[in-house]
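One structure is given here, and the rest of the page talks about it.
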2 protein chains.
Amino acid sequence: MPALLDQPETRDLELTTVLQALGDPMRLRIVRELAACEAGERTCGSIDLGISKATRSHHYRVLREAGVTNTRVEGTHRYVSLRRDDLDERFPGLLEAILS
Amino acid sequence: MPALLDQPETRDLELTTVLQALGDPMRLRIVRELAACEAGERTCGSIDLGISKATRSHHYRVLREAGVTNTRVEGTHRYVSLRRDDLDERFPGLLEAILS
DNA sequence: CCAGGAGTTCGACGCGTGTCGAACCGTTGG
DNA sequence: CCAACGGTTCGACACGCGTCGAACTCCTGG
């Protein structure tokens, strides 16, 4: 079952919330890794951030609840991906500007 | 004397710092007002945010120290303006994406 | 079936931040 | 010259946030 974790609707994305989510070094690193990833998605544990599991989980949650990422549950893994299209639709150019 | 308040060099602008500065409702409002302003600059007091003078001063400082704004001192007034060119040079497209 | 791995959740802790009133500083109009 | 005005600074306060270890859940390989 390709279960998806709860995330805000595209039309509900708030700019301040997104900016706040991106305004943290760890989370910005995650977003960049996701953007640079060929497959488009990665499991939580596959990005080494040098922080504890608990903290890592916290950051992934912030990103997801801000609407920046998408989380797919498969087995014991969580596959995380950028919501590129949704972000581009709601805030055109923002992601591009942040990733370059 | 067109005295300028201390602010970071363009090359020293940090993306996380800028995003953090913009990731606050009050400060986003200030930035938008500055962007919408014909003259390009406004005095601190001329934007009614419904907060105390102390808090307002705090937000202007955060914006300035993040490199988002420029502050010019003239008499008893502080004229604040967006550092559009600097931001565009350092983070092309970011301001545009946030203001639209 | 069960050990172990992937993630989450739960306190707890320390630090940062948004907020305020009050005191302060610099300039200027009268 | 001085009162008044525009802003800043200084505690103080409450709340939020990043961080951790430990306990927990859920799944899967052997």
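A, B, ... follow the sequence lines: proteins, then strands. Residue 1 opens every chain.
In this structure, the side chain of B:S100 engages the main chain of B:E96 through a donor-acceptor pair within 3.5 Å. A donor-acceptor distance shorter than 3.5 angstrom exists from the side chain of B:S46 to the backbone of B:T43, with no hydrogens or angles considered. With hydrogens and angles disregarded, a donor-acceptor distance shorter than 3.5 Å links the side chain of B:R64 to the backbone of B:D6. Here the side chain of B:Y60 pairs a donor or acceptor atom with the backbone of B:C44 at under 3.5 angstrom.
Side chains of B:L63 and B:T71 form no contact here, defined as non-hydrogen atoms less than 4.5 Å apart. A:T55 is listed as a side-chain neighbour of A:H59, based on a closest heavy-atom distance under 4.5 Å. Residues A:Q7 and A:N70 are in side-chain contact: their nearest non-hydrogen atoms beyond the backbone lie under 4.5 Å apart.
In this structure, the CD1 atom of A:I51 is 7 Å from the P atom of D:dC20, given to the nearest Å. Atoms CG (B:L63) and P (C:dG18) sit 10 Å apart, rounded to a whole Å. Rounding to whole angstrom units, CZ of residue B:R42 and P of D:dG6 are separated by 14 Å. Atom P of nucleotide D:dG6 and atom CD1 of B:I47 are separated by 15 Å, given to the nearest angstrom.
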Could you go over nucleotides 6-11 of chain C and give all protein N or O partners under 3.5 Å, atom names and distances?
| from | atom 1 | to | atom 2 | distance (Å) |
| --- | --- | --- | --- | --- |
| C:dG7 | OP1 | A:C44 | N | 3.4 |
| C:dG7 | OP2 | A:G45 | N | 2.9 |
| C:dG7 | N7 | A:K53 | NZ | 3.0 |
| C:dG7 | O6 | A:K53 | NZ | 2.9 |
| C:dT8 | OP2 | A:S57 | OG | 2.5 |
| C:dT8 | O5' | A:S57 | OG | 3.2 |

- Task: Determine, step by step, whether A:L34 and A:I30 satisfy the side-chain contact (heavy atoms from CB on, under 4.5 Å) criterion, reporting the C-alpha distance in whole Å, the side-chain angles of both residues, the deciding distance to 0.1 Å, and the verdict.
- Result: CA-CA 6 Å; A:L34 290 177; A:I30 294 177; 4.1 Å; yes
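The rotation axes computed at either terminus of the helix from C:dC1-D:dG30 to C:dG30-D:dC1 lie 20° apart, taking five pairs at each end and rounding to 10 degrees.
A:F91 and A:V62 fall into different hydrophobic clusters, where Ile, Leu, Val, Met, Phe, Trp and Tyr are joined by side-chain heavy atoms under 4.5 Å apart, directly or via other members.
Applying salt bridge (Lys or Arg N to Asp or Glu O under 4.0 Å) to B:E41 and the options B:R72, B:R78, B:R84 leaves one that passes, B:R72.
Applying a 4.0 Å cut-off to non-hydrogen atoms, none of the residues of residues 12-28 of chain B approaches DNA chain D.
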